Colleague: 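Below you will find the structure I want to go over with you.
Owing to the predicted nature of the structure, the values given are computational and were not obtained by experimental measurement.
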Amino acid sequence: MKLQTNFYQIGIVYLICVLINLFTSCKKEIVPLSHLEDTAFINFFDASEVFSVIGRDNYIYINDSITKGIYRNGFPKFEEVTATYPKNRTFPRRSFMHPHNTIFVHNANQDMYDNIYWFPMQQGEYKFIFSTDEKVFVKDTTLKLEPKRHYTLYLLDDPKKDGEFNIISFPEDTKNTEGKIRLRVLHLSPDIGGIRLIRKDIDGGIIKENFPEVLNYKDVTDYIDIDTTGSYKTNGRILLAITDAKNPEQMYKMQLLPPEPGGNYILLLKGHKSSTTRKLLNNDGTYKSVTINPRIRTLLRRLN
């Protein structure tokens with residue numbers, strides 16, 4: 001009996017040692033945020049029309065090397081749609097900044113644009129998985145994050161494969177051009193075809209800029225330098241028309257840009273020209289139908 005008790009006690013001690021070893025070994029795999037020299041920065045944007053219509057939360061899962069505490073409330077989440085859409089379909093937001101991450105955010109004309117906030121991550125390779133509010137994975141991508149670089153990821157619907165999604169991702173260039181603003185354009189409207197960008201003067205004439213002749217769906221431009229000289233003639237704004245590429249007389253949107261030299265902006269064109277029905281996967285393997293109404297719109301985002 002005494003021998004059995006000793007074996008039992010030895011077994012308990014062995015089990016405790018194994019658990020302690022597992023805990024410490026797992027702990028060693030967690031690489032906390034270190035000095036900013038080793039840190040990358042990322043921003044996620046939910047540009048899906050399906051998610052905007054159903055108006056519910058969805059999540060980002062990261063096969064992370066960062067402690068959970070950095071998320072504060074669990075996994076990064078896109079909040080339910082409100083009247084301020086799409087301002088709340090981005091992560092991080094001002095309310096979800098890492099407490100040890102200090103960034104400069106320009107606010108002079110914030111009524112005209114949304115600031116982009118950056119989520120700090122240890123450099124390395126990560127898989128990012130976008131999920132529904134029911135924890136159904138809809139799309140993933142793998143990126144290698146380099147130190148001191150900024151990255152943006154955009155989730156959008158796949159118009160060619162109903163019920164599926166696409167991800168557009170790229171590193172951001174945060175440098176400035178003296179005396180000019182810099183503009184990058186994302187064409188995320190799937191059914192309006194090619195578009196053109198035209199800068200207008202106060203009388204509706206064209207001011208020549210180095211814009212591409214045509215932008216098609218999912219095209220992303222490089223940063224384009226725009227001279228701010230003379231913007232006082234257009235009420236202190238740069239007037240940018242977004243038109244049909246084949247028929248410039250057909251204008252989809254007029255976008256105002258603040259002429260603040262040194263600003264870097266991303267202009268999103270999104271929404272549908274015609275009504276369409278899409279599908280969203282449920283957690284039981286079935287699909288729900290989602291009707292997307294016509295609504296072409298723009299959003300201007302400022303990097304720094």
Side-chain angles (χ1 to χ4, degrees), residues 43-53 78 85-87 89-90 112-114 116 130 138-139 141 143 150-162 164-174 181-200 206-226 238-258 263-276 278 290 292-303:
N43 177 275
F44 305 91
F45 190 91
D46 174 13
S48 164
E49 295 297 309
V50 171
F51 280 119
S52 72
V53 170
F78 299 102
Y85 175 83
K87 294 183 179 181
R89 304 298 284 184
T90 183
M112 297 180 63
Y113 55 79
D114 289 343
I116 294 180
F130 290 86
V138 297
K139 190 67 178 178
T141 189
L143 288 180
H150 294 71
Y151 301 83
T152 49
L153 271 74
Y154 293 83
L155 175 72
L156 54 150
D157 308 318
D158 188 338
K160 296 182 179 179
K161 298 178 181 179
D162 196 7
E164 298 190 22
F165 296 82
N166 290 320
I167 293 176
I168 296 177
S169 62
F170 42 83
E172 285 293 356
D173 180 0
T174 56
I181 67 170
R182 303 173 72 236
L183 180 70
R184 163 174 272 168
V185 183
L186 277 70
H187 181 351
L188 303 182
S189 183
D191 65 347
I192 66 173
I195 61 169
R196 284 187 63 189
L197 306 175
I198 301 173
R199 183 177 177 182
K200 297 277 191 176
I206 296 177
I207 300 175
K208 184 173 178 57
E209 296 286 358
N210 191 30
F211 295 140
E213 286 294 318
V214 60
L215 283 174
N216 295 305
Y217 177 60
K218 293 202 299 183
D219 279 351
V220 180
T221 70
D222 292 328
Y223 276 94
I224 303 165
D225 287 338
I226 300 177
I238 294 171
L239 309 182
L240 188 63
I242 302 174
T243 73
D244 184 278
K246 297 179 180 179
N247 179 20
E249 297 300 317
Q250 182 180 350
M251 185 172 69
Y252 292 119
K253 297 292 291 186
M254 175 65 78
Q255 180 68 45
L256 303 179
L257 306 179
N264 292 337
Y265 299 93
I266 299 176
L267 177 60
L268 276 69
L269 177 71
K270 65 188 305 291
H272 285 251
K273 180 180 179 181
S274 304
S275 178
T276 185
R278 308 294 297 170
V290 176
I292 300 172
N293 294 320
R295 187 185 171 204
I296 302 295
R297 57 208 187 274
T298 58
L299 176 69
L300 188 64
R301 314 182 74 205
R302 179 161 180 156
L303 267 67

Colleague: Report yes if some heavy atom in the side chain of L188 is under 4.5 Å from a heavy atom in the side chain of L269; otherwise report no.
Modeller: no

Colleague: Is there a side chain to side chain contact (heavy atoms under 4.5 Å, CB included) between F45 and L299? Walk through the geometry before answering.
Modeller: CA-CA 12 Å; F45 190 91; L299 176 69; 3.7 Å; yes

Colleague: Measure across G271 and P190 and return the closest heavy-atom pair with its distance rounded to 0.1 Å.
Modeller: O-CD, 3.6 Å

Colleague: Check R297 with E49, please: is the shortest side-chain N to carboxylate O separation under 4.0 Å?
Modeller: yes

Colleague: What distance separates T276 OG1 from D157 CG, expressed to the nearest 0.5 Å?
Modeller: 9.5 Å

Colleague: Judged by atom type as modelled, is there a donor-acceptor pair below 3.5 Å linking the side chain of S48 to the main-chain atoms of L155?
Modeller: no

Colleague: From the options I242, D219, N216, select the one residue that forms a side chain to side chain contact (heavy atoms under 4.5 Å, CB included) with I195.
Modeller: I242

Colleague: Does a salt bridge link D173 with R184, judged by any charged N lying under 4.0 Å from a carboxylate O?
Modeller: no

Colleague: Any heavy-atom pair between the side chains of L143 and S169 that's under 4.5 Å?
Modeller: yes

Colleague: Do D244 and I192 touch side chain to side chain, with heavy atoms closer than 4.5 Å?
Modeller: no

Colleague: Compare all side-chain heavy atoms of I224 with those of F211 and state whether any distance is below 4.5 angstrom.
Modeller: yes

Colleague: Inspect the contact between R301 and D114 and indicate whether a charged nitrogen and a carboxylate oxygen are less than 4.0 angstrom apart.
Modeller: no

Colleague: To the nearest 0.5 Å, tell me how far L153 CG sits from I167 CD1.
Modeller: 6.0 Å

Colleague: Taking the side chain as everything from C-beta on, heavy atoms only, tell me whether D46 gets closer than 4.5 Å to F130.
Modeller: no

Colleague: Nearest 0.5 Å, please: how far is CG in L183 from CG in L300?
Modeller: 7.0 Å

Colleague: Can you see which heavy atom on T221 is nearest to which on P212, and at what distance?
Modeller: CG2-CG, 4.2 Å

Colleague: Rounded to the nearest 0.5 Å, how far apart are CZ of R182 and CG of D222?
Modeller: 9.5 Å

Colleague: Can you label the angle between the F51 ring and the F165 ring as parallel, tilted or perpendicular, going by 30° and 60°?
Modeller: parallel

Colleague: Of all heavy-atom pairs between S275 and N293, which one has the smallest distance, and what is that distance?
Modeller: OG-OD1, 4.2 Å

Colleague: Are the side chain of H187 and the backbone N or O of V214 linked by a donor-acceptor pair below 3.5 Å?
Modeller: no

Colleague: Would you check if R196 and P248 make a side-chain contact, meaning some heavy-atom pair closer than 4.5 Å?
Modeller: yes

Colleague: Please test I238 against L256 for side chain to side chain contact (heavy atoms under 4.5 Å, CB included), starting from the C-alpha separation and ending with a verdict.
Modeller: CA-CA 6 Å; I238 294 171; L256 303 179; over 6 Å; no

Colleague: Do R278 and D162 meet the salt-bridge criterion of a basic N to acidic O distance under 4.0 Å?
Modeller: yes

Colleague: Just checking, any donor-acceptor pair under 3.5 angstrom between side chains of Y223 and N264?
Modeller: no

Colleague: Judged by modelled atom types alone, do N43 and T152 share a side-chain donor-acceptor pair under 3.5 Å?
Modeller: no

Colleague: For a 4.5 angstrom cut-off between non-hydrogen side-chain atoms, does L186 reach F170?
Modeller: yes

Colleague: Any chance CG of N247 has more than 12 other-residue heavy atoms, nucleotides or ligands included, within less than 6.0 Å?
Modeller: yes

Colleague: Would R89 and F44 count as a cation-pi pair here, with the cationic atom under 6.0 angstrom from the ring centre and within 45° of the axis?
Modeller: no

Colleague: Starting at CG of L268, measure out to OG1 of T298 and round the result to the nearest 0.5 Å.
Modeller: 9.0 Å

Colleague: Quick one, Y252 and S189 - any side-chain contact, counting heavy atoms below 4.5 Å?
Modeller: no

Colleague: To the nearest 0.5 Å, tell me how far L239 CG sits from I207 CD1.
Modeller: 7.5 Å

Colleague: Tell me, with the steps shown, if M254 and K200 meet side chain to side chain contact (heavy atoms under 4.5 Å, CB included).
Modeller: CA-CA 10 Å; M254 175 65 78; K200 297 277 191 176; 4.2 Å; yes

Colleague: As a quick check of understanding, evaluate side chain to side chain contact (heavy atoms under 4.5 Å, CB included) for H272 and I296, giving each step before the final call.
Modeller: CA-CA 6 Å; H272 285 251; I296 302 295; 5.5 Å; no

Colleague: Does D225 CG have over 12 foreign heavy atoms under 6.0 Å away?
Modeller: yes

